Amino acid sequence: MTAEATASPRTPAATPCPTAAAPNALAAALALPAPGVAAVIALLDEGATIPFIARYRKEATGSLDEVQVAAVRDALEKARELDKRRAAVLASLEERGLLTPQLAGAVAGASTLTALEDVYLPYRPKRVTRAEKARKRGLAPLAEALRAAKPMADARALAAAHVTPHATDPELAVPDVEAALAGARDILAENFAESAPLRGALRELFARRAALRAKAVPGKEAEGATYADWFGHEERAAAMPSHRLLAMLRGEREGFLSVTVRPEDADALDALRRRANIAGNGPAPRPETAAGQVDAALADAWKRLLAPSLENELRTALRERAEAQAIGVFATNLRELIMAPPLGGRRVLALDPGWRTGAKLVCLDGQGALLHHEVIHPLTGDAGAERAARTLRDCCAKYAIEVVAVGNGTAGRETEAFARGAGLPAGVDVVLVNETGASVYSASEAARREFPDHDLTVRGAVSIGRRLMDPLAELVKIDPRSLGVGQYQHDVDQAALRRALDEVVASCVNAVGVDANTASPELLAHVSGIGPVLARNIVAHRAENGPFRARRDLLKVPRLGPKAFEQAAGFLRVHGDNPLDASAVHPERYALVSRMAADLGCAVADLLRRAELRDRIRPESYISGEVGLPTLADILAELARPGRDPRPAFTLFRFAEGVHSPDDLEPGMVLPGIVTNVTAFGAFVDIGVHRDGLVHVSQLSDRFVRDPGEVVAPGRTVRVRVLEVDRARGRVSLAMKGVEQ
């Protein structure tokens with residue numbers, strides 16, 4: 001233990017410990033304006049949500065967007081955790097009489113958890129170590145003497161004075177010179193391992209030079225053939241892509257790979273010797289000298305204490321970085337998927353295809369309500385196909401169907417081809433719909449609650465039809481992890497993944513807005529300030545009392561108080577007497593809009609209808625202490641397009657005719673496709689053959705692509721060229737490079 005640890009009882013630090021959560025500190029770390037950061041912190045502490053802060057408190061935050069507000073929130077949480085740990089460390093040191101002004105200053109100056117733990121390490125209560133046993137045997141002075149002696153001093157001579165073979169307590173005896181030197185080396189090794197400067201130097205070396213090495217666990221080569229690409233693999237850890245690291249860690253977790261992450265021993269020892277002022281890069285000092293004993297202690301510190309500790313630390317950091325990247329990829333993909341263009345309120349006939357069991361058919365009205373369901377058998381022979389086509393035509397006529405939606409699972413392309421040739425009425429389009437997750441929804445509590453009298457097949461077909469009409473409203477009912485757009489999603493921190501995905505869903509829901517009179521409880525639950533309980537209360541209230549006529553009627557919902565109303569109102573749409581209720585204008589600004597209308601001598605409804613009236617509004621005339629130009633610009637935009645949907649317009653897509661399976665593919669073919677998933681190593685594209693093809697990142701564009709998300713996103717339509725078809729392994733390699741998009 002260092003000299004500070006044995007100092008006389010402390011004098012408390014003269015100045016209070018600075019907090020890492022101070023707005024100025026966070027603002028500097030995030031390169032954001034301090035007033036805006038302070039405002040975000042205050043609003044978060046009041047219970048405001050990220051969408052509400054970003055949309056309706058722009059004057060306070062300096063127009064920080066959702067990403068920046070979330071960054072402040074995340075940094076604030078980490079800073080408060082640091083402050084909490086700092087307080088615990090100070091309390092522990094003070095309780096044990098170890099807190100000196102110098103140590104208090106070091107604790108206060110630690111800007112990260114790692115730095116704080118380095119400061120605390122020599123003083124942390126721990127089990128009895130080899131070094132502690134040596135100290136009890138009175139060998140600390142010998143350790144200090146070896147460290148202070150001239151390099152060529154005789155180590156045995158220094159140790160002789162510390163030999164005590166006949167101590168009263170046998171455990172305190174030092175039988176000979178070798179035992180004395182061994183104990184002194186243990187003390188030196190622990191001191192080296194607990195030295196913050198040495199740990200910092202090694203940590204830097206790990207960050208720059210550590211290599212990740214993977215090899216097969218002996219005897220598991222055949223069983224772990226999935227990981228054969230990593231047998232004997234070596235790569236600089238700092239440059240390793242996230243997907244590769246997660247793959248190796250999965251192989252290690254499953255018992256097929258052995259993985260180490262550390263620099264070369266020689267590099268680490270040289271760095272330690274230089275930092276500890278022991279000659280490095282030359283011949284090792286002789287063991288009988290004081291320098292030789294210190295060097296041996298340093299080597300022991302590296303091998304036994306520092307290397308395992310810092311390797312675990314680096315592995316944790318690498319894993320967290322890889323998981324954060326994987327979660328980021330998933331979140332980006334999810335946003336693209338649920339913000340896909342909606343078909344809108346058109347009447348849909350949906351087919352959930354099948355071979356032997358037939359296709360489940362459902363008819364939905366423009367609001368997605370189930371009108372009819374039955375089973376048809378279009379793929380079991382001519383007679384079945386003829387009956388199925390007649391049924392399809394009859395349903396289209398009876399229920400005024402406008403679009404036929406076909407699930408893209410088993411028999412999807414064949415059922416799509418059947419529907420196109422069934423003689424449907426003119427103007428009825430056929431669309432192939434990604435049905436991933438429909439089966440998950442059909443077995444969910446939400447589906448059972450919505451369709452208690454129907455089986456899973458009916459619920460699944462309804463989900464297919466509804467996700468064409470409004471992907472956002474339907475996909476929020478499904479666990480995002482079941483939507484097939486992740487990368488190593490089961491290998492990452494599930495709590496962090498769930499939080500990130502929930503925030504993406506909430507961001508999308510609030511960006512689009514929600515009709516309070518038609519939204520499902522699952523959709524309402526993602527509205528700012530609502531949550532599952534209030535969502536169910538809203539649905540129950542409108543079922544009992546009829547549709548809401550105004551936003552203010554939401555205050556009649558049980559447990560929906562003023563705070564929840566403030567957070568939610570701007571994102572809920574109510575089509576009633578006040579036209580502003582169907583817009584994103586917050587009720588707290590209704591009086592301002594009324595004043596604008598009064599100044600022009602017209603009604604509020606006239607402002608929404610007539611552009612020439614809006615053009616006469618001078619926003620600078622309405623600036624006040626609470627309302628500035630950012631909010632006024634948002635209000636004027638809403639008056640021009642009240643309740644506008646930010647999602648792109650729906651366009652029809654068709655796969656290539658005659659291409660239904662991998663057997664229909666030949667290298668060189670150029671085909672249309674839909675991106676289904678984007679990962680760090682490329683993109684998967686559905687070209688209509690029941691198996692997605694991979695466009696490797698190197699084949700995404702004629703230019704260099706670092707991040708596939710720069711070029712593609714789930715749901716986007718692309719044109720690809722077939723590179724290779726591996727029918728044995730069921731793999732299709734595609735390219736976008738050199739293909740006109």
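Everything numeric here is computed off the predicted structure, so don't read it as measured data. As a basis for the values below, the full set of heavy atoms in this structure was taken, side chains included, without hydrogen atoms, waters or symmetry mates.
Using a 4.5 Å heavy-atom threshold, the side chains of Met240 and Leu318 count as separate. In this structure, His162 and Pro141 have side chains that are in contact, with non-hydrogen atoms separated by less than 4.5 Å. In this structure, Asp65 and Val69 have side chains that are not in contact, with every pair of non-hydrogen atoms separated by 4.5 Å or more. Contact check for Thr332 versus Val504: no side-chain heavy atoms found under the 4.5 Å cut-off. In this structure, the side chains of Pro165 and Asp176 stay at 4.5 Å or more apart for every pair of heavy atoms. The shortest side-chain heavy-atom distance between Arg185 and Asp300 does not fall under the 4.5 Å cut-off. Put simply, the side chain of Val217 does not reach to within 4.5 Å of the side chain of Tyr227, judged on heavy atoms. With contacts defined as side-chain heavy-atom distances shorter than 4.5 Å, the pair Leu172/Thr164 does not qualify.
Here the side chain of Ser309 pairs no donor or acceptor atom with the backbone of Leu306 at under 3.5 angstrom. In this structure, Glu235 contributes its side chain and His233 its backbone to no donor-acceptor pair below 3.5 Å. Judged by distance alone, the side chain of Arg209 and the main-chain N or O of Glu264 form no donor-acceptor pair under 3.5 Å. Of the possible donor and acceptor atoms, one in the side chain of Arg315 sits under 3.5 Å from a partner among the backbone N and O of Val259. With Arg137 contributing its side chain and Ala173 its backbone, the two residues share a donor-acceptor pair below 3.5 Å. Checked by atom type and distance alone, the side chain of Ser195 never pairs as donor or acceptor with a backbone atom of Asn191 at under 3.5 Å. A donor-acceptor pair under 3.5 Å is formed between the side chain of Glu221 and the backbone N or O of Gly219. At distances below 3.5 Å, not a single donor-acceptor pair connects side-chain atoms of Glu336 with backbone N or O atoms of Ala713. Listed for the Arg203 side chain is no donor-acceptor partner under 3.5 Å among the backbone atoms of Thr114. At distances below 3.5 Å, not a single donor-acceptor pair connects side-chain atoms of Asp295 with backbone N or O atoms of Pro285.
Salt-bridge annotation for Asp502 and Arg498: present, with a side-chain N of the basic residue lying under 4.0 Å from a carboxylate O of the acidic one. Salt-bridge annotation for Lys303 and Asp265: absent, with no side-chain N of the basic residue lying under 4.0 Å from a carboxylate O of the acidic one. A salt bridge between Asp726 and Arg731 is absent, with no side-chain N of the basic residue lying under 4.0 Å from a carboxylate O of the acidic one. A salt bridge between Glu77 and Arg80 is absent, with no side-chain N of the basic residue lying under 4.0 Å from a carboxylate O of the acidic one. A salt bridge is defined here as a Lys NZ or Arg NE, NH1 or NH2 lying under 4.0 Å from an Asp or Glu carboxylate O, and Glu288 with Arg156 fails to meet this definition. Taking 4.0 Å as the cut-off between side-chain N and carboxylate O, Lys220 and Glu252 do not count as a salt-bridged pair. Electrostatic pairing of Arg706 and Glu710 does not count as a salt bridge here, judged by no charged N lying under 4.0 Å from a carboxylate O. The pair Asp186-Lys133 does not count as a salt bridge, with every side-chain nitrogen at least 4.0 angstrom from each carboxylate oxygen.
Atom-to-atom distance recorded for Leu98:CG and Tyr120:OH is 8.5 Å, nearest 0.5 angstrom. Here the straight-line distance linking atom CG of Leu334 with atom CG of Leu501 works out to 5.5 Å at 0.5 Å rounding. Interatomic distance, CH2 of Trp302 versus CG of Leu272, reported as 7.5 Å (0.5 Å rounding). A distance of 9.0 Å separates CD of Glu46 from CD1 of Ile53, quoted to the nearest 0.5 Å. The CE atom of Met248 sits 12.0 Å away from atom CZ of Arg213, with the distance rounded to the nearest 0.5 Å. One distance of note links CG of Leu146 with CG of Leu181; it measures 6.5 Å at 0.5 Å rounding.
The neighbour count for Arg96 CZ, taken as heavy atoms of other residues, nucleotides or ligands under 6.0 Å away, is above 12. The environment of Arg286 atom CZ is sparse: at most 12 non-hydrogen atoms of other residues, nucleotides or ligands sit within 6.0 angstrom. Atom NZ of Lys78 has 12 or fewer neighbouring heavy atoms from other residues, nucleotides or ligands inside a 6.0 Å radius.
Glu117 pairs in a salt bridge (Lys or Arg N to Asp or Glu O under 4.0 Å) with only one of the listed residues (Arg199, Arg85, Arg86), which is Arg85. For the ring pair (Phe, Tyr, Trp, His ring centres under 6.0 Å) test with His243, the passing option among Phe330, Tyr488, Phe681 is Phe681; the others fail.
For Leu158 against Ala145, the heavy-atom pair with the smallest separation is CD1-O, 4.4 Å. Across every non-hydrogen atom of Glu66 and Ser507, the tightest pair is OE1-OG, 2.7 Å. Phe206 approaches Ala307 most closely through the heavy-atom pair CZ-O, 4.2 Å. When all heavy atoms of Phe231 and Gly224 are compared, the closest pair comes out as CZ-O, 3.4 Å. The shortest heavy-atom contact between Leu43 and Thr61 is CD1-CG2, 4.2 Å. Taking all atoms of both residues into account, the shortest heavy-atom contact from Pro23 to Val37 is O-CG1, 3.8 Å.
Of the N and O atoms on the side chains of Asp692 and Asn677, not one donor lies less than 3.5 Å from an acceptor on the other residue.
With sequence neighbours excluded, no residue satisfies ring-ring contact (aromatic ring centres under 6.0 Å, His included) with His696.
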Original post:
So Arg253 and Asp491, side-chain contact (heavy atoms from CB on, under 4.5 Å) or not? Walk me through it.
Top reply: CA-CA 10 Å; Arg253 190 168 58 253; Asp491 297 322; 2.5 Å; yes
Original post:
Does the pair Arg135 and Glu132 meet the rule for a salt bridge (charged side-chain N to carboxylate O under 4.0 Å, His left out), with working shown?
Top reply: CA-CA 5 Å; Arg135 291 189 186 95; Glu132 191 58 34; 3.3 Å; yes
**OP:** Run the numbers on Glu194 and Lys126 for salt bridge (charged side-chain N to carboxylate O under 4.0 Å, His left out), then give the verdict.
**Re:** CA-CA 13 Å; Glu194 293 180 347; Lys126 47 182 170 293; 3.1 Å; yes
**OP:** Start with the C-alpha gap between Thr260 and Glu311, add the side-chain angles, then the distance that decides, and say whether side-chain contact (heavy atoms from CB on, under 4.5 Å) holds.
**Re:** CA-CA 8 Å; Thr260 60; Glu311 179 174 12; 3.6 Å; yes
**OP:** Any chance you could lay out the side-chain contact (heavy atoms from CB on, under 4.5 Å) test for Gln325 and Glu320, step after step, and finish with the verdict?
**Re:** CA-CA 9 Å; Gln325 291 175 354; Glu320 289 176 349; over 6 Å; no
**OP:** Decide yes or no on side-chain contact (heavy atoms from CB on, under 4.5 Å) for Gln489 and Ile327, but give the supporting numbers first.
**Re:** CA-CA 7 Å; Gln489 63 195 59; Ile327 290 172; over 6 Å; no
